[in-house]
Amino acid sequence: MAAKKKAAAKKRAVPKKPAATKPAAARPKVASPKASPKTAAPAGGPWAAAFAPRAEGERRYWLVKSERSVFSFDDLLASAGQRTCWDGVRNYAARNFLRDGMKRGDLVFFYHSMDEPQSIVGVCEVVREGYPDHTATMRGHAHFDAESDPGAPTWFMVDLRAVERLPRAVTLPAIKARAELAGMALLRIGRLSVTPVTPSEWAVIRAMGAS
DNA sequence: GCCAACGTTGGC
DNA sequence: GCCAACGTTGGC
């Protein structure tokens, strides 16, 4: 139960434009083929490398955020098997990383957002690749999305297992202070809750987090 | 397809 | 609490 991860789940804000305005009928509103990003695969874009074909045995790196008060690294350590499904992500870019980017065996930094200070506190491993986030179709659930079709899932999640707590948490200010990390997706798209981490970024941060 | 309005994230 | 960034929605 307890809603994990980003409580943030975007509220599918029901058409906040009540009937007050124009009746939907007023608009042509054709079949609206809408090339929605719902299923679109991440073609190019700035993070294409995260989806590119992998070399034999290549391992990739990622970073996920969670508010400590919602689901902390300690909560993960206390979970059965020290693993959990990373549910609740309701952003297409993040969804694409979960659904198409992450592979079994990839390593993931666990970041506490909205914390003082915000910091990377642990490392996890992807133990199950992208699969539908069932909380999206659970009416009444905090992460429920009325527009998500159970037959064609919009939202995905992966399972993560804790690997280790970093001997020393790596804070956001410390990350910002390192020139080698200036290009981090974490800094460039601050609001994304799932981002790729390059091998070199991983190495730098891992070293910073060593005792 | 463009763009303004609006809502959310999350750092400060 | 404020605000920058930015994703989504919907009018046109």
Side-chain angles (χ1 to χ4, degrees), chain A residues 3-48 50-51 62-73 75 86-101 108-122 133 135-136 141-149 152-157 169-178 181-197 201 205 208:
Chain A
K4 301 189 187 95
K5 324 323 137 4
K6 312 256 60 226
K10 110 181 286 231
K11 234 96 176 221
R12 239 341 51 187
V14 188
K16 52 217 58 165
K17 222 84 263 193
T21 13
K22 268 175 199 152
R27 301 203 53 227
K29 188 69 168 198
V30 196
S32 173
K34 189 187 277 184
S36 100
K38 285 199 172 188
T39 53
W47 314 111
F51 304 103
W62 311 88
L63 178 149
V64 296
K65 301 179 183 178
S66 186
E67 296 178 30
R68 184 206 290 282
S69 62
V70 176
F71 190 81
S72 67
F73 192 67
D75 290 332
W86 204 257
D87 63 294
V89 174
R90 298 291 180 269
N91 168 283
Y92 292 118
R95 184 281 310 271
N96 292 341
F97 290 136
L98 292 173
R99 186 188 65 183
D100 310 317
V108 185
F109 279 138
F110 193 114
Y111 176 92
H112 280 164
S113 60
M114 308 298 280
D115 201 9
E116 190 49 56
Q118 301 88 332
S119 47
I120 292 172
V121 297
D133 178 344
T135 64
H141 192 284
H143 300 159
F144 175 67
D145 175 4
E147 292 174 26
S148 183
D149 174 3
T154 298
W155 306 114
F156 287 71
M157 59 188 181
V170 177
T171 69
L172 181 59
I175 290 171
K176 288 183 170 176
R178 292 290 291 258
L181 303 178
M184 275 194 83
L186 170 70
L187 303 180
R188 295 170 59 188
I189 18 180
R191 296 173 312 118
L192 250 200
S193 63
V194 179
T195 53
V197 174
E201 289 164 352
I205 293 174
M208 291 167 75

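In what follows, chains carry the letters A, B, and so on, assigned in the order in which the sequence lines appear, proteins first and then strands, with residues in each chain numbered from 1.
- Between the CG atom of A:Leu186 and the C1' atom of C:dC6 there is a distance of 16 Å, given to the nearest Å.
- Here the P atom of nucleotide B:dG10 and the CD1 atom of A:Ile120 are 14 Å apart, to the nearest Å.
- Scored by the ring pair (Phe, Tyr, Trp, His ring centres under 6.0 Å) test, A:Phe109 finds A:Trp202 as partners (sequence neighbours excluded).
- Following rounding to the nearest Å, A:Asn91 (CG) and C:dT9 (C1') show an atom-to-atom distance of 15 Å.
- By the side-chain hydrogen bond (donor to acceptor under 3.5 Å, both in side chains) test, A:Arg178 is found to be paired with A:Glu180, residues two or more places apart in sequence or in another chain being considered.
- Following rounding to the nearest Å, A:Arg90 (CZ) and B:dG10 (P) show an atom-to-atom distance of 14 Å.
- For A:Asn91, the side-chain hydrogen bond (donor to acceptor under 3.5 Å, both in side chains) criterion is met by no residue, not counting sequence neighbours.
- For the pair A:Glu67 CD and B:dG11 P, the interatomic distance rounds to 9 Å; values are reported in whole Å.
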Listed pairs, N/O of protein and of nucleotides 2-5 of chain C, under 3.5 Å:
from, atom 1, to, atom 2, distance (Å)
C:dA5, N3, A:Arg191, NE, 3.4

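- Under the rule for a side-chain hydrogen bond (donor to acceptor under 3.5 Å, both in side chains), A:Gln118 has no partner lying at least two apart in sequence or in another chain.
- For the pair A:Tyr92 OH and C:dT9 C1', the computed distance is 11 Å after rounding to whole Å.
- Atom CG in A:Leu63 sits about 17 Å away from atom P in B:dT9, given to the nearest Å.
- Between A:Arg95 and A:Asp133 there is no salt bridge, since none of the side-chain N atoms of the basic residue sits less than 4.0 Å from a carboxylate O of the acidic one.
- In the set C:dC6, B:dG11, C:dT8, B:dG11 carries the atom at the smallest distance from any side-chain atom of A:Met114.
- Residue A:Tyr111 places none of its side-chain N or O atoms closer than 4.0 Å to OP1 or OP2 of B:dT9.
- With sequence neighbours excluded, no residue forms a side-chain hydrogen bond (donor to acceptor under 3.5 Å, both in side chains) with A:Thr171.
- As a whole-Å value, the separation of A:His112 NE2 from B:dT9 C1' is 17 Å.
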